[in-house]
Amino acid sequence: MVIYGVALLAGCMLVGLWAGDVLGMLLGVNSNVGGVGIAMLMLIFLGGYLMDKGKMPSGTESGITFWNGMYIPIVVAMAASQDVAAAFDGGMIALLASLVAVGASFALVPVLTRIGQPKAASTSAPASSVSKSQSKPSPSSSASARTRPAR
């Protein structure tokens with residue numbers, strides 16, 4: 001059932017937030033330290049364990065998948081908004097560092113796009129280099145090129 005997947009997600013979230021609060025207190029920080037990450041790791045490991053044991057039906061899995069699709073973008077957006085607020089509080093150097101990071105990311109997009117793409121073949125190859133087996137049409141290609149007569 002889908003509700004079991006949602007319950008598993010909620011249970012992991014509650015335990016993860018509690019663990020993050022405890023970790024924050026132990027470190028002397030007045031904040032939750034890694035609670036969401038702990039919750040996500042718990043969900044991954046617990047979900048994998050239940051799948052291996054055959055105790056997670058497909059309905060439960062679809063409940064987890066649905067909320068993962070909703071939950072992860074929301075958490076990322078919340079973390080990003082906190083980072084922007086911290087950058088404003090940090091002053092001009094934090095804003096400058098963030099602008100440099102964004103500019104570098106934009107500049108690297110074309111470079112990363114080219115990685116792994118095959119190089120373009122040169123068009124100056126002589127026509128005689130094409131072998132005869134490549135220039136003959138295969139029987140299957142000629143059969144597919146024929147059109148049926150109109151009825």
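Residue indices begin at 1 and follow the sequence shown.
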Would you mind writing out the side-chain donor-acceptor pairs for residues 32-45 within the sub-3.5 Å range, not counting sequence neighbours?
| from | atom 1 | to | atom 2 | distance (Å) |
| --- | --- | --- | --- | --- |
| Asn32 | OD1 | Gly35 | N | 2.8 |
| Asn32 | ND2 | Leu17 | O | 3.2 |
| Asn32 | ND2 | Asp21 | OD1 | 3.3 |

Exercise. According to a 4.5 Å side-chain heavy-atom criterion applied to Ile, Leu, Val, Met, Phe, Trp and Tyr, with indirect links allowed, do Met56 and Leu46 form part of one hydrophobic cluster?
Worked result: yes
Exercise. Any chain of hydrophobic side-chain contacts (each under 4.5 Å) joining Leu27 to Met25?
Worked result: no
Exercise. Linking Ile, Leu, Val, Met, Phe, Trp and Tyr by side-chain heavy atoms under 4.5 Å, what else ends up with Phe106?
Worked result: Val102
Problem set entry | Residue pairs passing the side-chain hydrogen bond (donor to acceptor under 3.5 Å, both in side chains) test where at least one lies in residues 38-48, sequence neighbours excluded | none
For this session: Scan for side-chain hydrogen bond (donor to acceptor under 3.5 Å, both in side chains) pairs involving residues 35-54, sequence neighbours excluded, and state none if there are none.
Result: none
For this session: List for me each residue that meets side-chain contact (heavy atoms from CB on, under 4.5 Å) alongside Ile115, sequence neighbours excluded, and say none if there are none.
Result: Leu112
For this session: Please name all residues satisfying side-chain contact (heavy atoms from CB on, under 4.5 Å) with Thr113, sequence neighbours left out, ordered by chain then number.
Result: Val109, Gln117
